There are 2 protein chains.
Amino acid sequence: MSRPSSSRASLRIREVAEVAGVSPATVSRALNGTAVVRQATREKVLAVVDELGYRPNRVAGNLRRQQVQMIGVVVSDIENPHFTQMVRAVEDAAYLKGYRVLLCNTDEAPAKQREYLGVLIAERVAGAVISPTEPGAPEIGELIDHGAAVVAFDRAVADRRADAVLAANADAGRLATQHLVATGHKRVGFVSGLLGIETAAGRQAGYEEAMAAAGLPPMVALGDFRVEGGRRAAADLLARGASGLIVANNLMAVGALKSVKDAGLRVPADVSVVAIDDPPWAELTDPPLTTLAQPVREMAVAAAELLVGRLEGRRSRPKRQVFSFELRHRGSCCRPPGAAHARVRRSKNEL
Amino acid sequence: MSRPSSSRASLRIREVAEVAGVSPATVSRALNGTAVVRQATREKVLAVVDELGYRPNRVAGNLRRQQVQMIGVVVSDIENPHFTQMVRAVEDAAYLKGYRVLLCNTDEAPAKQREYLGVLIAERVAGAVISPTEPGAPEIGELIDHGAAVVAFDRAVADRRADAVLAANADAGRLATQHLVATGHKRVGFVSGLLGIETAAGRQAGYEEAMAAAGLPPMVALGDFRVEGGRRAAADLLARGASGLIVANNLMAVGALKSVKDAGLRVPADVSVVAIDDPPWAELTDPPLTTLAQPVREMAVAAAELLVGRLEGRRSRPKRQVFSFELRHRGSCCRPPGAAHARVRRSKNEL
DNA sequence: CTGAAAGCGCTTACAG
DNA sequence: CTGAAAGCGCTTACAG
């Protein structure tokens with residue numbers, strides 16, 4: 001049982017050494033197990049450490065060892081369930097390996113990304129998982145120059161030295177489109193994400209390709225990967241007569257569902273909806289949402305493993321892993337309202 | 001425009017000083033603005049810094065300054081939307097003040113909490129926002145001994161020197177109960193949280209008090225604050241004939257809704273449900289969920305402000321702020337099935 | 001197996 | 001306004 005003195009806060013390794021009757025070097029060795037220490041000496045030291053409540057100052061250790069057991073996680077917004085899951089999985093893996101997680105939200109703002117990357121460089125973190133807003137930011141290369149292991153998540157980075165864990169975004173757009181087309185839809189609208197973001201562009205490209213292959217004209221409305229933009233874009237597409245909606249991410253799906261309701265329409269009777277991303281609430285909506293799910297957890301684990309692999313010194317050429325989406329059939333798609341169905345129907349009541 | 005040399009990674013302040021023709025002290029002063037530097041000198045220094053791509057090593061600075069601009073955020077699980085919101089709001093406030101956020105998930109495991117608190121002490125963080133799993137852990141006091149500002153969030157800590165931002169949990173239990181009782185329910189069940197967690201205990205106490213005041217017998221089933229425990233506990237209460245369910249947190253609400261569905265019952269026709277916590281998906285469920293919402297964002301901002309206040313040196317006796325819940329009427333409550341209604345009704349279809 | 005000494009890369013009294 | 005020197009608290013070659 002430790003019974004720390006009240007002044008433990010200012011304790012340095014020297015005090016511990018004096019009390020234990022050894023040198024600071026021996027205390028360090030006993031504590032870190034970095035060299036052989038006589039059993040009795042070690043026990044004495046540890047007893048004194050415990051008794052005094054000594055807590056080695058890691059900041060000093062980090063400087064001396066030229067090593068910081070910390071990794072940065074850079075995402076647009078941890079409140080996006082996609083990134084929440086990712087961050088959690090990375091934290092788990094990091095924790096097991098003795099690394100800490102520094103959380104950085106960029107809000108898709110290049111300036112904020114740059115600033116946070118600057119912080120990661122300055123703090124000399126051992127590595128970073130980055131879902132870049134600006135994939136070509138020079139700070140990413142700088143971070144790598146400084147010896148950090150970098151894994152791009154969701155979106156590639158320009159620097160070729162980084163590992164990457166990506167999802168097959170074009171496939172997602174294509175699969176969603178093919179699903180709606182096969183169900184009988186001809187007027188399939190796409191609620192797109194922020195222009196210039198790789199995941200958004202890929203998903204849209206897959207959609208356009210599949211529409212072209214089906215001989216159908218594309219209908220795209222620009223969203224912003226957020227709830228409100230999704231609502232507006234979906235409203236636009238509904239006004240243009242879309243009977244099926246593909247929504248490029250989970251936040252915009254919330255907006256799109258609202259928009260359908262606002263228009264007095266019903267899912268799926270009047271409008272079929274497929275969302276890309278599979279948030280935890282997809283099963284809870286009315287009706288449950290058909291989605292294209294990416295294996296976020298697996299992807300995060302892969303990212304963490306790539307990172308830890310490099311942190312532990314395994315060298316190899318940069319790796320790029322691409323994960324597949326999976327269509328999860330739930331209740332938000334059916335045949336479009338045709339001859340047998342009224343085009344627009346009022347929702348029964350709002351409750 | 002900077003055109004950094006390829007060896008910028010190993011640059012130290014000394015090299016910069018040599019190139020600029022000044023001493024390291026002057027470079028430091030020019031960079032930090034901690035003392036007056038002649039205009040021309042400063043410009044020369046900054047030009048060289050930019051040209052060489054010099055990035056001061058913050059680990060060294062932290063050690064020298066005896067100050068780390070980092071705060072720890074300790075929660076059970078960032079995937080719980082309640083904590084996701086909290087962490088995000090704290091990160092925002094921290095970012096504005098120049099502090100970084102170290103993310104710590106404890107999974108309600110005292111051992112993990114202790115280990116992470118040990119990390120925060122060792123890293124000599126400036127402060128921490130803690131939603132404790134073990135409110136009496138000695139590491140909390142140690143952290144404060146080491147000069148860190150500590151704010152307890154959601155749950156109080158034993159150490160009296162910490163600030164606290166809490167919610168009126170007993171009120172939440174009471175309000176939920178009174179709402180169901182006023183709606184006509186007599187068999188109101190309570191899906192409780194983990195025994196020993198303050199928020200769980202408070203919410204349950206409010207429920208029991210309100211039931212007693214209404215002359216009704218309490219019906220409690222033990223959950224665990226997670227989805228699966230909520231499902232089991234709700235199933236138990238339904239089997240015992242509950243017509244109304246109060247669920248002690250948002251994760252268990254997901255389980256409780258599943259459980260109602262599994263039993264072939266419908267919300268609210270057969271069973272009314274009130275959830276404590278107001279997750280983002282509460283509006284999306286079928287029907288939308290009536291909840292007791294706490295102002296998480298406001299609470300997180302309050303926590304961050306208390307923290308920053310102490311970090312910036314404002315001393316005062318520990319503060320304790322208690323926030324109120326608000327009943328958000330949505331669609332998951334109505335009169336219990338009485339003479340006019342069949343007790344059990346099959347759900348129409350599952351789709 | 002252990003200690004004395006150097007040094008990680010900064011910042012900051014101190015002196016001028 | 002600027003520089004030389006000390007020192008933050010560790011860890012680790014080096015010597016014994």
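Note that the coordinates shown come from a computational prediction; the quantities given were computed from them, not determined experimentally. In what follows, chains carry the letters A, B, and so on, assigned in the order in which the sequence lines appear, proteins first and then strands, with residues in each chain numbered from 1.
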Arg65(A) meets the side chain to side chain donor-acceptor pair (under 3.5 Å) criterion, sequence neighbours left out, with none
Contacts of type salt bridge (charged side-chain N to carboxylate O under 4.0 Å, His left out), residue [X], not counting sequence neighbours:
X         : value
Lys319(A) : none
Arg297(A) : Glu79(B)
Arg310(B) : Asp163(B)
Glu108(A) : Arg155(A)

Taking atom P in both dT11(D) and dA15(D), what distance in whole Å separates the two? 22 Å
Interatomic distance, [X] [atom1] vs [N] [atom2] [rounded to whole Å]:
X         : N       : atom1 : atom2 : value
Arg14(A)  : dA5(C)  : CZ    : P     : 14 Å
Leu11(B)  : dG9(C)  : CG    : P     : 11 Å
Lys44(A)  : dT2(C)  : NZ    : P     : 14 Å
Leu63(B)  : dT12(C) : CG    : P     : 12 Å
Ile13(A)  : dT2(C)  : CD1   : C1'   : 14 Å
Glu123(B) : dC10(D) : CD    : P     : 13 Å
Arg42(B)  : dT2(D)  : CZ    : C1'   : 13 Å
Arg124(A) : dG9(C)  : CZ    : P     : 9 Å

Does [X] place a side-chain N or O at less than 4.0 Å from the phosphate oxygens OP1/OP2 of [N]?
X        : N       : result
Tyr54(A) : dC10(D) : yes
Thr41(B) : dC1(D)  : no
Asn57(A) : dC8(D)  : no
Gln66(A) : dG9(C)  : yes

Of Arg65(B) and Val36(B), whose closest DNA chain D nucleotide lies nearer the 5' terminus? Val36(B)
Going by the rule side-chain contact (heavy atoms from CB on, under 4.5 Å), which residues pair with Gln321(A) if we only count those two or more places apart in sequence or in a different chain?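 Only Ala302(A), Leu306(A), Phe323(A) meet the side-chain contact (heavy atoms from CB on, under 4.5 Å) criterion with Gln321(A).
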Name all residues meeting the side-chain contact (heavy atoms from CB on, under 4.5 Å) criterion together with Gln66(B); count only those two or more places apart in sequence or in a different chain, and write none if there are none.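 side-chain contact (heavy atoms from CB on, under 4.5 Å) list for Gln66(B), sorted by chain: Leu63(B).
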Scan nucleotides 13-16 of chain D against the protein and return all N/O pairs shorter than 3.5 Å with their distances rounded to 0.1 Å.
unit_1	atom_1	unit_2	atom_2	d
dA13(D)	N6	Arg29(A)	NH1	3.4

Is there a residue in residues 15-23 of chain A whose heavy atoms reach under 4.0 Å of DNA chain C, and which residues are they? Val22(A), Ser23(A)
Given Leu120(A), which partner from the list Ile71(A), Val150(A), Leu143(A) fulfils the side chain to side chain contact (heavy atoms under 4.5 Å, CB included) test? Leu143(A)
Please classify the nucleic acid contact of Val37(A) as base, sugar-phosphate, or nothing, using heavy-atom distances under 4.0 Å.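 Answer is sugar-phosphate: Val37(A) comes under 4.0 Å of backbone atoms only.
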Classify Asn62(B) by what it touches in the nucleic acid, base, sugar-phosphate, or nothing, heavy-atom distance under 4.0 Å.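 No contact.
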Which residue pairs pass the ring pair (Phe, Tyr, Trp, His ring centres under 6.0 Å) test with at least one member in residues 42-88 of chain A, sequence neighbours excluded? none
Keeping to residues at least two apart or across chains, list the ring pair (Phe, Tyr, Trp, His ring centres under 6.0 Å) pairs with something in residues 110-161 of chain B.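 Matches after skipping sequence neighbours: Tyr95(A)-Tyr116(B).
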Which is more 5' along DNA chain C, the nucleotide nearest Val59(B) or the one nearest Pro24(A)? Just name the residue.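 Looking at the nearest nucleotide for each, Pro24(A) comes out on the 5' side.
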Check every atom of dT2(D), dG3(C), dC10(C) against the side chain of Thr26(A) and return the nucleotide holding the closest atom.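 Minimum distance to the Thr26(A) side chain belongs to dG3(C).
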Is Arg161(B) atom CZ crowded by more than 12 heavy atoms from other residues, nucleotides or ligands, each under 6.0 Å away? yes
Return yes if some donor-acceptor pair links the side-chain N/O of Asn105(A) with the main-chain N/O of Asp107(A) below 3.5 Å, else return no.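 Pair absent, no side-chain N/O of Asn105(A) close to backbone of Asp107(A).
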In dot-bracket, 5' to 3', how would DNA chain D read with Watson-Crick or G-U wobble pairs under 3.5 Å, [ ] for crossing ones and | for pairs to another strand? |||.||||||||.|||
Less than 4.0 angstrom from a charged side-chain N to a carboxylate O is my criterion; do Arg100(A) and Glu91(A) meet it?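 So Arg100(A) does not pair with Glu91(A) through a salt bridge.
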